[in-house]
Number of protein chains: 2
Amino acid sequence: MVEIPATIKDIAKYTGLSIATISKYLNGGNVLEKNRILIEEAIKALDFEVNEIARGLRTNKTMTIGVLIPVFEVFFNTIVSSLENVLLETGYSVIVCDYRDNEKLEKERLDFLYKKRVDALVIVPTYLKGNDIRKIIKRDIPIVAVDRPIEDFECDTILVNNFEVSYKAVERLIILGHRKIGIICGPQNIYTAQERLNGYLKAHNDYGITVYKDYIKFGEYHNMESGYKSMIELLNNPEPPSAVFVTNYEMTLGAIIAINEKDIKVPDELSIIGFDNLEMAKIVKPSLSLVVQPMEEIGETVANLLLRRLKGEKNDFPLRKKLDAQVLIRSSIKNIG
Amino acid sequence: MVEIPATIKDIAKYTGLSIATISKYLNGGNVLEKNRILIEEAIKALDFEVNEIARGLRTNKTMTIGVLIPVFEVFFNTIVSSLENVLLETGYSVIVCDYRDNEKLEKERLDFLYKKRVDALVIVPTYLKGNDIRKIIKRDIPIVAVDRPIEDFECDTILVNNFEVSYKAVERLIILGHRKIGIICGPQNIYTAQERLNGYLKAHNDYGITVYKDYIKFGEYHNMESGYKSMIELLNNPEPPSAVFVTNYEMTLGAIIAINEKDIKVPDELSIIGFDNLEMAKIVKPSLSLVVQPMEEIGETVANLLLRRLKGEKNDFPLRKKLDAQVLIRSSIKNIG
DNA sequence: TTGTAAGCGTTATCAG
DNA sequence: CTGATAACGCTTACAA
């Protein structure tokens, strides 16, 4: 059990070649056929694996990607998982840190990752601004902002079409005749929450529908109780909305529990569009209409972009891409024209 | 932006001391007061941080902990997050890999982590056996099994009292007069699922209550639809149970949706005990009785154990600890004496 | 194609 | 207490 890993030196000894030749082979250089065979034999026999730590010291690479997320929640987790799936294949490992929605921790953990000399960074920022980053990051490494842009900082950014998809969802309700449409939003300091609310507002504006302040509730993304409370408030309104759009998964869960508790009939008494969890939508009756974000695709997109940047491809820098979320219509909404 | 990090050499130059002295200082050795001040000044001035890669090459440490989990789900995520919280403070970083409940991937990613030369491993195993580990892990590093033991392998193991807590939950229902008690279990190849079922069986046995096969349903842990379906099956039974115990969070969610859909009155028509999500329990009406696992505590326990092992403290090896989950009684269960 | 040797930033040994 | 020096395992000119 206490086996010392073989080094290039051992391979050199075994084959009678120099370590330079072995190294060259390992890095894809040309070697005589017979030496190649010999080396490969040695590698097998000695169970050799390059020491990436040592290599990293020379090449100034750690083969490590730092990922900074607000919390370990299903949306981010799914992204991280698919990101990691791509990255691991190419030998990169991923260090994920959550900052628990905490401004101080957000900077500290960014600093931590930087000090760990990660080769690149993936950031889902909340409070972080360009200046914070410039203060912490001194080496020139690829940085990708995900889900939310980083204010005052030029870098690759992968977003979702929050505004557009929110517009479409609300428009759909309008077309079905709804005029009293509630929305449960996330905190307005978060980019995605702003965008989703703006889509709601724009749709109202475009169709000449009055926006009522009482129909707009603000919850918290990572707190299903806030979705529950917001929905209760909407329902307790003297003139309750005929439709409600809930703009994130955890809040949707809470909202549904509220509806059940109040024994509201969907879609007869209330139309509802939720967010982000296909599995739940499948089993809720009547089947839940949803905005679905392409989480896997986000992860893959970020990973592939990162790999290109790590290879030095900068021609399309800074890239700003919006991936499409979809409005999935099921039976939880109804025409009340 | 392209600033080259300062090295010990730079500090040596700045102070006029030798790199050996600087290194000694950095590692807590004794240095003359005036030199100490000088060095500290230099460190500040040059914004120096030790290069852990280089240090790692010498010391054979990466300051990295590998964590292998089945999937990114709330239970494991919470553990990982609290584990990481402790570990980061001491300078360790954490590489988390999920294997998506896939046997092949489970071995591959263990191998990946090992090759990354992590200083220690935290494993939540599913298919992994002692032989697999022995085949992959050659160096002598601390390994901690979490939530589930590793078959045929001697290592530290941190578990939850699944059997006991399940017994207590079911016993509670029995004491309230229930004789027809349904259970929705996880897959029987998973340790925790076996234990939870066994607790159910033992309670029945101890109280001389007949166990009906039809009241035992098997779902999947990471699939809420399986909880939904299982509950529907239980309810469709010609003689449905008067109480149901659901043994994991995702399945509990599905079960609740089924109950709502069927418009079953809780606890009048059905008593129910769920699993693992306090937040949800708070907002479901009537308030949901629950088995609550100490996820944060698990993470912290594992982290602290790991830190001790990494310091070489092996006196209590192999440690096998069971942490206490609690049965939290709320209003979703009723005496039908 | 292959080998020699310097160097990446540390730590550790051993004199001084 | 301090400093010179040899490692750690690898890559990379440069020379052979």
Side-chain angles (χ1 to χ4, degrees), chain A residues 2-40 42-43 46-64 91 114-119 138-139 141 312, chain B residues 2-40 42-43 46-64 91 114-119 138-139:
Chain A
V2 192
E3 206 170 284
I4 294 169
T7 68
I8 290 193
K9 213 172 183 175
D10 298 322
I11 305 293
K13 246 172 220 154
Y14 186 105
T15 57
L17 296 164
S18 78
I19 62 171
T21 305
I22 314 294
S23 171
K24 197 173 162 219
Y25 163 85
L26 289 172
N27 291 288
N30 276 336
V31 190
L32 284 188
E33 179 68 4
K34 70 162 195 202
N35 286 338
R36 207 207 70 217
I37 293 171
L38 201 56
I39 294 174
E40 282 166 1
I43 289 180
L46 303 180
D47 197 23
F48 167 84
E49 290 272 340
V50 289
N51 182 333
E52 271 183 8
I53 308 298
R55 176 183 276 175
L57 184 58
R58 254 329 292 253
T59 59
N60 226 347
K61 307 236 160 311
T62 56
M63 293 304 283
T64 291
Y114 177 71
K115 298 262 171 65
K116 283 287 177 180
R117 290 177 154 74
V118 294
D119 293 341
K138 307 296 178 61
R139 287 173 296 133
I141 57 175
Chain B
V2 191
E3 207 170 283
I4 294 169
T7 69
I8 291 193
K9 214 173 184 175
D10 298 321
I11 305 292
K13 246 172 221 153
Y14 186 107
T15 58
L17 296 165
S18 78
I19 62 169
T21 305
I22 314 294
S23 172
K24 197 178 163 215
Y25 163 84
L26 289 173
N27 291 287
N30 275 338
V31 190
L32 284 188
E33 179 69 1
K34 69 162 196 200
N35 286 338
R36 207 208 70 218
I37 294 171
L38 202 54
I39 294 174
E40 282 166 1
I43 289 179
L46 303 180
D47 197 23
F48 168 83
E49 290 273 341
V50 289
N51 182 333
E52 271 183 7
I53 309 298
R55 175 183 276 174
L57 182 59
R58 255 330 291 253
T59 60
N60 226 350
K61 307 238 160 310
T62 56
M63 293 302 283
T64 291
Y114 178 71
K115 298 262 172 65
K116 283 287 176 180
R117 289 177 155 74
V118 293
D119 293 341
K138 307 296 179 58
R139 286 173 298 134

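Predicted, not measured: the structure shown is a model, and the values here were computed from it. Throughout, a chain's letter reflects where its sequence line sits, starting with A, and its residues are numbered from 1.
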(request) Using chain A heavy atoms and a threshold of under 4.0 Å, write down where along DNA chain D the contacts begin and end, 5' to 3'. (result)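 Nucleotide range in contact with chain A: D:dG9 to D:dT12.
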
(request) Would you mind checking if B:R36 and B:E33 are paired as a salt bridge, meaning a charged N to carboxylate O distance below 4.0 Å? (result)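 Counted as a salt bridge, because a side-chain N and a carboxylate O are separated by less than 4.0 Å.
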
For the pair made of [atom1] in [X] and [atom2] in [N], what is the distance, rounded to whole Å?
X	N	atom1	atom2	answer
B:E52	C:dT11	CD	C1'	14 Å
A:L57	C:dT11	CG	P	12 Å
A:I19	C:dA6	CD1	C1'	11 Å
B:N27	C:dT11	CG	P	4 Å
B:I8	C:dA12	CD1	C1'	12 Å
A:N60	C:dG7	CG	C1'	13 Å
B:K24	C:dA15	NZ	C1'	14 Å
B:N51	C:dT10	CG	P	5 Å

(message) Taking the minimum atom-to-atom distance to the side chain of A:R58, which one of C:dG3, C:dC8, C:dT10 wins?
(response)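 In terms of side-chain proximity for A:R58, the closest of C:dG3, C:dC8, C:dT10 is C:dC8.
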
Respond yes when some side-chain nitrogen or oxygen of [X] is under 4.0 Å from OP1 or OP2 of [N], and no when none is.
X	N	value
B:S23	C:dT10	no
B:T59	C:dT11	no
B:R55	C:dT11	yes

When all nucleic acid strands are considered with a 4.0 Å heavy-atom cut-off, which category describes [X]: base, sugar-phosphate, or nothing?
X	answer
B:L17	sugar-phosphate
A:Y25	nothing
A:E33	nothing

For the pair [X] (side chain) and [Y] (backbone), establish whether a donor and an acceptor sit closer than 3.5 Å, ignoring hydrogens and angles.
X	Y	answer
A:K24	A:I19	no
B:Y14	B:I39	no
B:T15	B:I11	yes
B:K61	B:D119	no

(request) Would you kindly compare A:A20 and A:L32 by the position of their nearest DNA chain C nucleotide and give the one closer to the 5′ end? (result)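 Result of the comparison: A:L32.
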
(message) On a heavy-atom basis, which atom in A:R117 and which in B:E49 lie closest, and how many Å separate them?
(response)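 Heavy-atom minimum between the residues: NH2-O, 4.4 Å.
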
(request) State, to 0.1 Å, how close A:F48 and A:I8 come at their nearest heavy-atom pair, and which atoms those are. (result)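 Closest heavy-atom pair between A:F48 and A:I8: CE1-N, 3.5 Å.
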
